[in-house]
Amino acid sequence: MTSQSQIPSLAEPVPQLDLSAQYAAIGAEIRTALERVMASQQFVLGREGAALEEEIARLCGVSHGVGVASGTDALILALRACGVQPGDEVLLPPFTFVATGSAVSALGARPVFADIRPDTYNIDPAEFERRVTPRTRAIVVVHLYGLAADMDPILAFAKSRKLPVVEDNAQAIGASYKGRRTGSLGDATCLSFYPTKNLGAYGDAGMVVTNSAELAARVRTLRNHGQSAKYLSSEPGWNSRLDEIQAAILRVKLRHLSNWQRARRSHAAEYNRLLSQIPGVMPPLAPESFEHVYHQYTIRIEQRDALQKFLNERKIGSTVYYPYPLHLQPLYASLGHQAGDFPHAERAALEVLSLPMYPELRKEQIARVAENINTFITQ
Ligand SMILES: Cc1ncc(COP(=O)(O)O)c(C=O)c1O
C-alpha cells in the first residue's frame, strides 16, 4: 500500500459532483429567469410551472406533466392515482433510494421486493412470478443510475396481470429504451428535480408524467388538497405544488440538458476506455439499444471500501449509492427479511462505487481518477 507520505498533495481535488461549475456557466440565464418570476409576482401554479409541465412531458414523449413538490411526492401521488390503497402490495426493487419504498409505505401499502439483475442493478422481471400475490396492486421500476430497466418483459408481465407500472425515473430523465424515452414506458412516471439530479432545481421539486388524461387529472387534484374546482375538495389531498421559482430555474436548465447528457456520455466512454484495462473493476453495463444518461458512473469492485478510502485520501470524491438495501433497513424490520433474501442487491450494496460524474468534469480529472484506481489495484 502506498504510504501517506507518497500521496501527491499538489493534485487538485476531484469532487464527485460540482454544481458550482454549472452555476458559473449558466448563472446569468438563471438570474434573468428569477427576475422574470419576481416581476410577475406569481409564485405558485403560474405560467412557469405550466410551461415546464409541457416541456418535460414533451421530453419524455408523453402528453401530460403535473408538477409536484418532490420526487417522493410524485411517487406517492402516482401510486395513489393508480389505485394503491392501504393493505395492497407493490412490487419494487430493494436496491434503490429509500423514497421508492417509503412512498409505498406512506400509502399504507406493503413493499414486496424483487431482486435486481447483477449486471444492470435494475429490477429483474424473472423474479416477479414468485413475488406476485392476489394482493399485488402495482409495480414500481427504478431506472437506476440513469439506465432504463428492461421494460419489455416487465410490461408483458404487468399486462398479463393487469397491473399498472410506475416508473421511478428520478435518476434517468432523457434516457431511452429501444428508442423510447423513459417516462413513456409505464402508466405513470415520477421525476425528481432534487438539486443533484441531471436536471436539478435549487430546492425540492418533482413531476408526474403520463399519457393518461385520467391519471394526470387525478394527480393534479391530489397535489392541491383534492380540489376538483376552486375551494371544492372531492377527496383528501395535500399541498404538493411545484413553485414558480423552481419551475423557471428548471426551464433554463432544460435548454442545456441534451448538451449535458452528451458530456456525461462522453465522460463515461472515457472512463470505460481507461477502466476496462484494469482487472477486478467492472465498468457500468450499457446494453445496446439502452441509452444511458449516466446520472452516476458506477463501477463494481470487491475491495470497494478500501478503494473509496484510497481515493478519498487523494482528494477524489466517490459515493456509495446505496450501502443498505431496503429489505435490510431498520425501517422494514417488520417485514421480517434477513440477509441472503435478495443476494444480488446485497452484493451490489457491498461492491458499487460511483465515481466523479458531472458535465463539466475534465478529461484530465477522469485520467487522474482512473490512474489512482489503477495504482490501488496494482500496488
Ligand atoms: C431513485 C429515486 N427515487 C426517488 C427519489 C426521491 O426524490 P426526491 O428527493 O425529489 O423526493 C430519488 C432522489 O432523491 C431517487 O434517486
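Both counts, for ligands and for their atoms, begin at 1 and track the order of listing. Values reported hereafter were calculated over all heavy atoms of this structure, with side chains retained and with hydrogens, waters and symmetry mates removed.
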In terms of atom number and element, which parts of ligand 1 are under 4.0 angstrom from non-hydrogen atoms of [X]?
| X | answer |
| --- | --- |
| Thr100 | 3 (N) |
| Tyr322 | 16 (O) |
| Ala99 | 4 (C), 5 (C), 6 (C) |

Looking at [atom], what's its closest protein heavy atom, distance included?
| atom | result |
| --- | --- |
| atom 1 (C) of ligand 1 | Asp168 OD2, 3.5 Å |
| atom 15 (C) of ligand 1 | Ala170 CB, 3.5 Å |
| atom 16 (O) of ligand 1 | Gln171 NE2, 2.9 Å |

*Heavy atom under 4.0 Å from ligand 1: found in Phe95's side chain, backbone, both, or neither?*
neither

*Compute whether any side-chain donor of one residue and acceptor of the other, for Tyr294 and Asn198, lie under 3.5 angstrom apart.*
no

*asked:* A quick test of your reading: do over 12 heavy atoms of other residues, nucleotides or ligands sit less than 6.0 Å from CD of Glu235?
replied: yes

*Is the CD atom of Gln41 crowded by more than 12 outside heavy atoms at less than 6.0 Å?*
yes

*His337 and ring pair (Phe, Tyr, Trp, His ring centres under 6.0 Å): which partner among Phe342, Tyr332, Tyr324?*
Phe342

*Given Arg161, Arg135, Arg131, the one that forms salt bridge (charged side-chain N to carboxylate O under 4.0 Å, His left out) with Glu89*: Arg135

_I need the single residue from Lys178, Arg180, Arg265 that forms a salt bridge (charged side-chain N to carboxylate O under 4.0 Å, His left out) with Glu291. Which is it?_
Arg265

Checking the N or O distance criterion of under 3.5 Å, is ligand 1 in contact with [X]?
| X | answer |
| --- | --- |
| Lys197 | yes |
| Thr96 | no |
| Gly71 | yes |
| Thr72 | yes |

*asked:* Tell me whether the NZ or CZ atom of Arg130 lies within the 45° cone about the ring axis of Phe128 and under 6.0 Å from its centre.
replied: no

*Pick whichever of Phe97, Tyr145, Tyr321 has a heavy atom sitting closest to atom 12 (C) of ligand 1.*
Phe97

*Do the rings of Phe95 and Tyr145 sit parallel, tilted or perpendicular, given the 30° and 60° boundaries?*
perpendicular

